[in-house]
2 protein chains.
Amino acid sequence: MKNLTLKHLRYFEALARHGHFGRAADACAISQPALSMQIKELEETLGTALFERTARQVRLTGFGEEFAERVQDILRSVDELGDLARASCDRLVGRLRIGVIPTIAPYLLPTFIGNLSRLYDGLDIRVRETVTPKLIHELTEGRLDTAIVALPVSEPSFEEVALFAEDFVLVRPDSDANKPVPSAETLREMRLLLLEEGHCFRDQALSFCKVHAAPPRELLDGSSLSTLVQMVGAGIGVTLIPEMAVPVETRSAAVSIARFSAPQPRRTIGMIWRKSSPLADQLMQISDVVRQSADTLRAARKEPMINSPV
Amino acid sequence: MKNLTLKHLRYFEALARHGHFGRAADACAISQPALSMQIKELEETLGTALFERTARQVRLTGFGEEFAERVQDILRSVDELGDLARASCDRLVGRLRIGVIPTIAPYLLPTFIGNLSRLYDGLDIRVRETVTPKLIHELTEGRLDTAIVALPVSEPSFEEVALFAEDFVLVRPDSDANKPVPSAETLREMRLLLLEEGHCFRDQALSFCKVHAAPPRELLDGSSLSTLVQMVGAGIGVTLIPEMAVPVETRSAAVSIARFSAPQPRRTIGMIWRKSSPLADQLMQISDVVRQSADTLRAARKEPMINSPV
DNA sequence: ATTCTTCATCAGAAATTCTTATCCAACCGA
DNA sequence: TCGGTTGGATAAGAATTTCTGATGAAGAAT
């Protein structure tokens with residue numbers, strides 16, 4: 001026999017409500033014969049009568065009543081599908097899976113997540129913090145919607161937009177505070193503490209010291225910037241950290257910060273996503289939110305703690 | 001724009017499941033362009049992309065996933081409408097999709113299907129043979145009407161009725177026929193052939209040997225009882241099989257059967273279905289048919305081949 | 001008996017949904 | 001880098017579905 005269609009159900013519902021073929025047909029904006037036929041077809045499909053046609057009125061059968069209840073639920077669910085789609089149309093809704101590299105995440109995310117969820121209420125934001133190659137992999141496989149990493153990434157299937165540039169600063173023990181800032185070359189002679197392999201920031205720092213193949217004289221791997229700074233505080237060596245990490249990481253360590261001169265080491269942070277992503281437009285908007293968040297952080301650093309927090 | 005139809009939703013569901021236009025179209029028994037068009041139309045109607053089409057794969061968007069969940073509910077409800085109608089004309093007609101675990105199916109089904117289709121003439125019986133977790137999943141999703149599995153299943157949303165208990169017997173090489181029957185403990189010292197992981201019967205057999213954590217000394221996985229018995233015949237080890245499998249599986253192998261003493265290993269076979277299934281009443285009747293079929297088999301085993309088949 | 005109301009039926013028109021054929025882009029192995 | 005292959009999109013016409021307007025039939029009201 002024929003298939004059940006939503007049309008059948010909609011017509012059925014109208015007829016059940018009006019108890020009158022003509023008026024129900026009007027309500028459905030079709031002719032009365034059309035309705036008759038569809039109802040008949042529905043009953044044949046089901047193999048059971050839904051209505052009892054007396055001369056005076058059209059009444060639901062016992063089975064029809066049970067059927068009607070379920071149909072109402074279904075139609076409501078279907079209509080909600082439409083609402084859902086309409087709601088999600090221009091405003092970003094649902095789930096946003098965002099990846100961030102570890103040398104950015106702790107500093108940028110608090111501000112950024114705040115801004116983002118203020119802007120897109122009800123958005124389910126999920127953060128993944130790991131190194132760039134893993135982020136790229138998960139992005140490719142569709143397990144992430146976007147990622148914040150150091151550019152360039154150079155994946156032809158990815159869109160990439162720059163967010164901001166970020167200088168690297170030198171972290172030394174407090175005792176060295178008044179010594180001259182070493183050059184990239186002299187840095188090579190010092191005990192340089194770096195993140196373990198896999199972190200792009202490690203490579204960026206090494207590249208500044210112009211050591212590609214051979215690492216500096218002595219080198220010690222830490223698994224987070226926080227660890228590195230604490231070790232510097234303990235007098236074990238020096239390290240580089242991105243500017244953005246300064247407020248958080250140097251708060252509780254006996255270290256001093258110095259900027260390099262002339263060829264400032266720096267990197268560009270950007271956002272990437274699959275060119276084919278249907279969220280492309282929204283992601284472009286979101287990149288603005290990231291930029292703003294970064295600006296806010298930068299400003300806060302320039303005039304720190306005018307209003308000290310509780 | 002156009003209206004949402006069930007056809008749209010059905011096609012959408014198929015595409016979501018297969019992640020491939022061609023295969024989904026096959027599953028819907030239409031051509032690939034027809035599917036493409038309907039999906040496109042659906043997306044236009046909703047005003048949002050549901051799928052992300054990359055060269056390699058077709059993937060649900062975030063919104064698509066949310067949509068898919070709701071659609072599944074709706075489709076299940078709609079299918080249940082049909083079931084409801086069928087059930088209402090108290091005799092079962094139409095389609096019955098029944099799942100059976102592999103360690104039961106080959107022995108029980110021939111008899112059962114015969115009995116069932118004799119009783120319900122014109123019933124379209126569809127059998128699915130796979131392991132319990134998959135059956136449960138498909139039952140939940142409304143892709144099966146009922147399943148025959150080992151109890152308990154303990155899904156609160158399922159009805160479960162016991163059908164019969166089934167002893168496990170030991171299968172040994174013919175040469176061992178006169179040796180004493182090993183206990184569960186000594187069994188552990190022998191080379192025990194078992195079904196591969198995922199089969200509930202494997203776990204039931206292991207549980208009898210009281211090995212939960214550590215498996216027996218040597219263990220070899222086979223993918224069907226038939227394989228296991230053949231391997232026993234070849235002298236590779238011993239195995240357990242359910243009583244019901246004995247006539248079929250030991251017909252063509254040089255093996256002997258032994259029953260265990262005292263604490264006979266056994267399991268309970270039962271039937272399960274969704275509590276909300278409108279077929280509930282009919283399924284209860286059908287469970288009687290299964291029981292009868294099992295009894296018939298058991299009787300046939302006691303007095304084998306009085307009338308030998310042609 | 002006649003007329004009205006209401007639903008069913010029919011035939012042809014309109015709209016839709018499908019199929020086949022073809023295209024095009026991305027990928028893959030050589 | 002080049003053909004071959006895969007997988008989805010597009011187009012045109014065929015098949016099917018769904019609708020309308022005309023008409024029929026049956027019970028109720030006058």
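Hydrogens, waters and symmetry mates play no part in the numbers below; they use all other heavy atoms, side chains included. Letters A, B, ... are given to chains in the order of the sequence lines, protein chains preceding strands, and every chain is numbered from 1.
As a whole-Å value, the separation of A:D26 CG from C:dC7 P is 12 Å. At whole-Å resolution of the value, CD in A:E43 and P in C:dC7 are 13 Å apart. Spacing between atom CG of A:N3 and atom C1' of D:dT18 amounts to 15 Å, rounded to whole angstrom units. For B:L35 and C:dT20, the CG to C1' distance is 16 Å, given to the nearest whole Å. Summarising the geometry, the separation between CZ on A:F51 and P on C:dT6 is reported as 16 Å, rounded to the nearest angstrom. We find that CD of A:E41 is positioned 9 Å from C1' of D:dT17, with the value rounded to whole Å. Atom CD1 of B:I30 is separated from atom C1' of C:dT19 by 11 Å (rounded to the nearest Å).
Listed by chain and number, the residues in a side-chain hydrogen bond (donor to acceptor under 3.5 Å, both in side chains) with A:T132 amount to none (sequence neighbours excluded). With sequence neighbours excluded, no residue satisfies side-chain hydrogen bond (donor to acceptor under 3.5 Å, both in side chains) with A:R23. Residues satisfying the ring pair (Phe, Tyr, Trp, His ring centres under 6.0 Å) test with A:F164, not counting sequence neighbours, are none. Considering only residues two or more places apart in sequence or on other chains, B:E43 meets the salt bridge (charged side-chain N to carboxylate O under 4.0 Å, His left out) condition with B:R53. When the side chain to side chain contact (heavy atoms under 4.5 Å, CB included) test is applied to B:R17, the partners found at least two apart in sequence or on another chain are B:E13, B:R143. With sequence neighbours excluded, no residue satisfies side-chain hydrogen bond (donor to acceptor under 3.5 Å, both in side chains) with A:D26. A:S287 pairs by the side-chain hydrogen bond (donor to acceptor under 3.5 Å, both in side chains) definition with A:R291, not counting sequence neighbours. A:R76 meets the salt bridge (charged side-chain N to carboxylate O under 4.0 Å, His left out) test with A:D73, A:E80; sequence neighbours excluded.
Sorted by first and then second residue, the ring-ring contact (aromatic ring centres under 6.0 Å, His included) pairs involving residues 33-60 of chain B (not counting sequence neighbours) are B:F12-B:F51.
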Taking only N/O atoms, report every protein-nucleotides 12-16 of chain D pair under 3.5 Å with atom names and distance.
none

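Distance alone, capped at 3.5 Å, is enough to place a donor-acceptor pair between the A:H20 side chain and the A:G22 backbone. Of the possible polar contacts, none joining the A:R128 side chain to the A:R97 backbone as a donor-acceptor pair under 3.5 Å is found. Remark: the backbone N or O of B:A14 is paired with a side-chain donor or acceptor of B:H18 at under 3.5 angstrom.
Put simply, A:K40 has no side-chain N or O that comes within less than 4.0 Å of OP1 or OP2 on C:dC7. Here B:R53 does not reach the OP1 or OP2 of D:dG7: none of its side-chain N or O atoms lies under 4.0 Å away. Contact annotation: A:S36 reaches the phosphate of C:dA8 (side-chain N/O to OP1 or OP2, under 4.0 Å). For the OP1/OP2 pair of D:dG8 and a distance below 4.0 Å, the side-chain nitrogens and oxygens of B:Q57 include no atom meeting the criterion.
Scanning residues 7-25 of chain B for heavy-atom distances under 4.0 Å to DNA chain C yields B:K7, B:Y11.
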For nucleotides 21-28 of chain C, give me one character per nucleotide, 5' to 3': B if any protein heavy atom sits under 4.0 Å from the base, S if the only such contacts are to the sugar-phosphate, - if neither.
B----SSS

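Nearest to the side-chain atoms of B:Q38 among the listed nucleotides C:dT19, C:dC18, D:dT18 stands C:dC18.
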